[in-house]
Amino acid sequence: MSATNSTIESLYEEVTALEGKLKAIEPSYSLDDRLSTFICPITLELNLDPVTAKDGHTYSRQGLEGWFQNNNTSPLKQTILEDKTYTPS
């Protein structure tokens, strides 16, 4: 075996080992999980004007404003929110 082949094989083994490590630490999200980040959990519609509430979750502005008219809780966590402000996402 030539030195070039040995180097290529060594590099291949290193890359394979690194790929295995990356797969172990990389979160595995399904396509549904990734697409759900674009859907408002209140309105179940495409999130065209996203805002982030104090609970750390993203909602559509319209959906969150409607929710806060009748509720003082997080739409997802159902915990009381002392602060109903939100920021654009």
Side-chain angles (χ1 to χ4, degrees):
M1 179 183 308
S2 71
T4 303
N5 285 345
S6 176
T7 302
I8 290 172
E9 285 182 18
S10 176
L11 288 173
Y12 177 78
E13 289 173 5
E14 287 181 43
V15 167
T16 302
L18 287 173
E19 285 176 339
K21 288 179 182 178
L22 283 174
K23 286 180 182 177
I25 61 172
E26 178 182 280
S28 58
Y29 297 111
S30 70
L31 181 59
D32 288 342
D33 291 337
R34 288 179 280 173
L35 290 177
S36 71
T37 61
F38 298 104
I39 304 296
C40 173
I42 300 169
T43 63
L44 301 178
E45 295 176 352
L46 191 59
N47 218 348
L48 298 177
D49 188 12
V51 295
T52 301
K54 293 298 179 180
D55 66 359
H57 294 281
T58 302
Y59 308 94
S60 71
R61 183 182 306 269
Q62 181 181 7
L64 190 60
E65 288 175 350
W67 178 268
F68 282 158
Q69 286 177 2
N70 301 309
N71 302 280
N72 65 342
T73 59
S74 160
L76 288 178
K77 295 181 177 181
Q78 297 300 312
T79 55
I80 294 176
L81 291 175
E82 300 293 332
D83 186 354
K84 292 184 179 181
T85 60
Y86 49 84
T87 56
S89 300

Find out if a path of hydrophobic residues (ILVMFWY) with successive side-chain heavy-atom gaps under 4.5 Å connects Ile42 to Ile39. no
### Query
Does Tyr86 belong to the same Ile/Leu/Val/Met/Phe/Trp/Tyr cluster as Leu76, with side-chain heavy atoms less than 4.5 Å apart forming each link?
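Result: yes, single cluster for both.
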Partner of Lys84 under side chain to side chain contact (heavy atoms under 4.5 Å, CB included), picked from Leu64, Asn72, Asn71, is Asn72
Query raised in the report: Does the side chain of Ser89 pick up a donor-acceptor pair with the side chain of Thr52 at under 3.5 Å?
Result: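 There is such a pair between these side chains.
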| message | Under a 3.5 Å threshold, yes or no: a donor from one side chain and an acceptor from the other, between Thr85 and Asp83? | response |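 Note: Thr85 and Asp83 side chains meet the donor-acceptor criterion.
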Output yes when a side-chain donor or acceptor of Thr43 lies under 3.5 Å from a complementary backbone atom of Gly63, and no otherwise.
->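 No: the side chain of Thr43 does not pair with the backbone of Gly63.
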Going by heavy atoms in the side chains, are [X] and [Y] under 4.5 Å from each other?
X     : Y     : result
Thr79 : Thr73 : no
Gln62 : Cys40 : no
Tyr59 : Pro41 : yes
Ser60 : Asp49 : no

- So Val51 and Thr58, side chain to side chain contact (heavy atoms under 4.5 Å, CB included) or not? Walk me through it. CA-CA 5 Å; Val51 295; Thr58 302; over 6 Å; no
First locate atom CZ of Phe38, then atom CG of Leu48, and finally report the distance between them rounded to the nearest 0.5 Å.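 Here the rounded value is 11.5 Å.
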OG1 of Thr87 to NZ of Lys54, rounded to nearest 0.5 Å, is 6.5 Å
message: Does atom CG (Leu44) have a neighbourhood of more than 12 heavy atoms from anything else shown, all under 6.0 Å?
response: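 Enclosed: over 12 neighbouring heavy atoms sit under 6.0 Å from CG of Leu44.
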